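Below: one structure, written as structure tokens.
Note that the structure is a prediction, hence the values are computed from the model and not measured. Below, all heavy atoms of this structure are taken into account, side chains as well, without hydrogens, waters or symmetry copies.
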Amino acid sequence: LQSQLQEAEAHLSNAEGEKQELDGKLDQMYAENKKLTAQLNETKEKGFKSLTKLQSQLQEAEAHLSNAEGEKQELDGKLDQMYAENKKLTAQLNETKEKGFKSLTKLQS
């Protein structure tokens, strides 16, 4: 009976040592978990800030693009007007040349 008691005390002592070791590992795991959670939250926050910044830049770029498209349409309209004016002036010039040539030919005759 005495030897069984000593054996049980030895097992209990071993079990207490293992428990203390496991408690230490558990504390380390909690600390590591806390550290990783903090890093994850920081990464999420940085990602959110980056996403917000990129969305803002995208909206800004879209606004610039919209303005540029409006300006392009305006310039296209002016270019069309200039082509029409150029065509009109070219026709007038050709008509004037033709009249001048006919007048010159008449005078030379």
Side-chain angles (χ1 to χ4, degrees):
L1 193 57
Q2 184 69 23
S3 70
Q4 286 178 344
L5 181 60
Q6 286 175 347
E7 194 176 305
E9 285 176 348
H11 283 299
L12 182 60
S13 177
N14 286 338
E16 285 178 357
E18 288 176 8
K19 181 187 177 294
Q20 286 177 351
E21 185 180 331
L22 290 173
D23 283 342
K25 286 181 181 180
L26 183 62
D27 288 342
Q28 287 176 346
M29 292 176 98
Y30 278 131
E32 184 68 19
N33 185 26
K34 186 176 180 180
K35 176 183 167 186
L36 291 173
T37 300
Q39 287 176 347
L40 177 61
N41 289 337
E42 183 180 341
T43 301
K44 283 181 181 179
E45 187 177 327
K46 285 180 181 178
F48 179 75
K49 286 179 182 178
S50 294
L51 180 61
T52 302
K53 183 178 179 182
L54 288 173
Q55 286 174 331
S56 175
Q57 289 174 342
L58 176 61
Q59 288 173 344
E60 204 173 297
E62 287 173 341
H64 287 301
L65 178 60
S66 179
N67 289 339
E69 287 173 348
E71 290 174 9
K72 181 188 177 294
Q73 287 178 350
E74 185 180 329
L75 290 172
D76 284 344
K78 288 180 180 180
L79 183 61
D80 289 343
Q81 288 175 347
M82 292 179 84
Y83 277 135
E85 183 69 21
N86 189 17
K87 188 175 180 179
K88 178 183 167 187
L89 291 172
T90 300
Q92 288 176 353
L93 179 61
N94 288 336
E95 186 180 323
T96 303
K97 282 181 181 179
E98 189 177 313
K99 286 180 183 178
F101 180 72
K102 284 181 184 179
S103 295
L104 185 60
T105 304
K106 212 176 197 183
L107 288 173
Q108 287 177 350
S109 304

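The structure places CD of Q81 at 11.0 Å from CG of L75, a figure rounded to the nearest 0.5 Å. Rounding to the nearest 0.5 Å places CG of L65 at 11.5 Å from NZ of K72. With values rounded to the nearest 0.5 angstrom, Q92 atom CD is found 7.5 Å from E85 atom CD. To the nearest 0.5 Å, the span separating CD on Q73 from CD on E71 amounts to 11.0 Å. Rounding to the nearest 0.5 Å gives a distance of 14.5 Å between CZ of F48 and NZ of K53.
Looking at T43 and K46, their side chains never come closer than 4.5 Å, going by heavy atoms from C-beta outward. Residues K78 and E74 have side chains in contact (heavy-atom distance under 4.5 Å, counting atoms from C-beta outward). Put simply, the side chain of E45 does not reach to within 4.5 Å of the side chain of N41, judged on heavy atoms.
The backbone N or O of N33 lies less than 3.5 Å from a partner atom in the side chain of T37, making a donor-acceptor pair. Judged by distance alone, with hydrogens and angles left aside, the side-chain atoms of S13 form no donor-acceptor pair with the main-chain N or O of E9 at under 3.5 Å.
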Should L58 and Q55 be marked as a side-chain contact (heavy atoms from CB on, under 4.5 Å) after you check the CA-CA gap, both sets of side-chain angles, and the distance that decides it? CA-CA 5 Å; L58 176 61; Q55 286 174 331; 5.5 Å; no
